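None of the values given here were measured: they were computed from a predicted structure.
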Amino acid sequence: GVIGLYVAPDAKTAAMVEVNCETDFVAKNDDFRAFAAEIAHIVARENPPDLSALGAKSLASGEAIEARRAVLVQKIGENMSIRRFTRKSAAGRLASYVHGNRIGVLVDLTGGQDTLGKDLAMHVAASKPMAVSSEQVPADVVAKERAIAVARAADSGKPANIVEKMVEGAVAKFLAEVTLLAQPFVKGDGKETVGQLVKAQGATVNDFVLYVVGEGIEKKKDDFAAEVAAMTKV
């Protein structure tokens, strides 16, 4: 699959969409990529509430998105689907980065140099943080990590006060690894964190969105032949 991305000229609105297919060959097809890019533009402009509403929106050609998808399936000979999309309205300004058409990032940034947003988006693509800061990491994720740390520390045989410190240290280490501001900046020397970089420029990271093609999808065989047969019935 591919990531389609559009950022408005004023950098105040942007959208990303993930469109899936079955092979890398189709993912490199120009028509398939153009389809994903146009969908992202439509999402940014029209803000559909869900995938069903998005499928009914019209492309520049006048075709509905879903109708065009069906045509591409028949033309290319491979199933494809619009999996998800996101639309962002910036508190500051939006920066973006797409890596290999398979990883897409939007970063909402206030302040800082013009190059900072792109650098941060590239960092997110490379390091894949879970949240901007530790406060934004879901409580259930932290609880799960704490439970793992407790189990490991309990097996150490150390005194209770030491075990407690071990647990807190393990949780703190985990949060530093999965939060954007605590991660070492990928383009730096490994000593400066993203948070330090952002602070030095008087900037604030408001939010980010990271899409990785296929993330979370369980691979399964779809009845593609049956779908094509259904499409071609008169």
Side-chain angles (χ1 to χ4, degrees), residues 3 5 11 14 16 18 83-84 86-100 102-218:
I3 299 296
L5 188 147
M16 280 198 304
E18 178 183 345
R83 181 190 179 200
R84 55 178 173 167
T86 187
R87 182 182 186 273
K88 293 290 293 179
S89 294
R93 68 184 187 279
L94 288 162
S96 65
Y97 177 68
V98 176
H99 183 78
R102 296 181 60 82
I103 301 174
V105 180
L106 290 171
V107 175
D108 182 355
L109 179 72
T110 300
Q113 300 172 4
D114 290 341
T115 58
L116 181 60
K118 181 66 173 290
D119 283 344
L120 293 179
M122 292 177 68
H123 174 97
V124 171
S127 299
K128 299 177 178 59
M130 183 180 295
V132 174
S133 63
S134 59
E135 292 78 16
Q136 295 178 4
V137 177
D140 61 325
V141 173
V142 178
K144 181 179 179 181
E145 196 64 29
R146 185 179 297 279
I148 293 171
V150 167
R152 288 175 177 170
D155 291 338
S156 69
K158 297 186 181 297
N161 62 321
I162 301 299
V163 166
E164 183 178 354
K165 290 180 180 179
M166 290 172 64
V167 170
E168 294 306 314
V171 173
K173 182 175 182 290
F174 167 76
L175 290 173
E177 291 172 348
V178 302
T179 54
L180 174 61
L181 297 181
Q183 291 177 337
F185 180 47
V186 293
K187 291 179 68 176
D189 58 6
K191 297 178 181 179
E192 183 182 39
T193 65
V194 171
Q196 290 169 335
L197 172 69
V198 169
K199 184 177 180 180
Q201 294 195 23
T204 301
V205 179
N206 302 307
D207 195 13
F208 71 85
V209 180
L210 167 65
Y211 272 10
V212 179
V213 168
E215 186 177 38
I217 294 179
E218 289 186 14

Problem set entry | T115 side, atom OG1; Q201 side, atom CD - distance, nearest 0.5 Å | 6.5 Å
Problem set entry | L210 vs I103 side-chain heavy atoms within contact, under 4.5 Å | yes
Exercise. OG1 of T86 to OH of Y211: how many Å apart, nearest 0.5 Å?
Worked result: 4.5 Å
For this session: Return the minimal non-hydrogen interatomic distance between S96 and A121, and the atom names on each side.
Result: C-CB, 3.9 Å
Exercise. For F208 and P129, which heavy atoms make the closest approach, and how far apart are they?
Worked result: CZ-O, 3.5 Å
Problem set entry | Spatial distance of atom CD (Q113) from atom CG (L197) [nearest 0.5 Å] | 8.5 Å
Problem set entry | Test item: H123 side-chain N/O and V186 main-chain N/O as donor-acceptor pair under 3.5 Å | yes
For this session: Using the test side chain to side chain donor-acceptor pair (under 3.5 Å), find all partners of E145 that sit at least two apart in sequence or belong to another chain.
Result: none
Going by atom type alone, with no hydrogens or angles, which donor-acceptor pairs under 3.5 Å involve a side-chain atom of residues 130-137 and a protein atom two or more places apart or on another chain?
from, atom 1, to, atom 2, distance (Å)
S133, OG, E135, OE1, 2.9
Q136, OE1, V132, N, 3.3

Exercise. Looking at residues at least two apart in the chain, or sitting in another chain, which of them share a side chain to side chain donor-acceptor pair (under 3.5 Å) with R83?
Worked result: E18
For this session: Please list, chain by chain and in numerical order, all residues satisfying salt bridge (charged side-chain N to carboxylate O under 4.0 Å, His left out) with K187, sequence neighbours excluded.
Result: D119
Exercise. Minimum heavy-atom separation for V212 to R84, with atom names?
Worked result: O-NH2, 3.1 Å
Exercise. Which heavy-atom pair separates A203 from G112 by the least distance, and what is that distance?
Worked result: CB-N, 3.7 Å
For this session: Please check if atom CZ in R152 has more than 12 non-hydrogen atoms from other residues, nucleotides or ligands closer than 6.0 Å.
Result: no
For this session: Without swapping roles, check the side chain of D108 against the backbone of N206 for a donor-acceptor pair under 3.5 Å.
Result: no
For this session: Write down the atom of L120, the atom of V198, and the distance for their closest heavy-atom approach.
Result: CD1-CG2, 4.1 Å
Seminar exercise, completed: The salt bridge (charged side-chain N to carboxylate O under 4.0 Å, His left out) partners of R87 (sequence neighbours excluded) come to none
For this session: Please report the shortest heavy-atom distance between L5 and V105, naming the atom on each side.
Result: CD1-O, 3.9 Å
Exercise. Which value, rounded to the nearest 0.5 Å, describes the distance between L109 atom CG and L116 atom CG?
Worked result: 5.0 Å
For this session: Applying side-chain contact (heavy atoms from CB on, under 4.5 Å), run through V178 and V141 and close with a yes or a no.
Result: CA-CA 11 Å; V178 302; V141 173; over 6 Å; no
Problem set entry | Rounded distance (nearest 0.5 Å) linking atom CD of E215 with atom CZ of R102 | 11.5 Å
Problem set entry | Atom pair CE (M16) and CG (L106), whose distance is rounded to the nearest 0.5 Å | 4.5 Å
Contacts table for residues 161-175: side-chain donor-acceptor under 3.5 angstrom, sequence neighbours left out:
from, atom 1, to, atom 2, distance (Å)
E168, OE2, R146, NH1, 2.5
K173, NZ, E177, OE2, 2.6

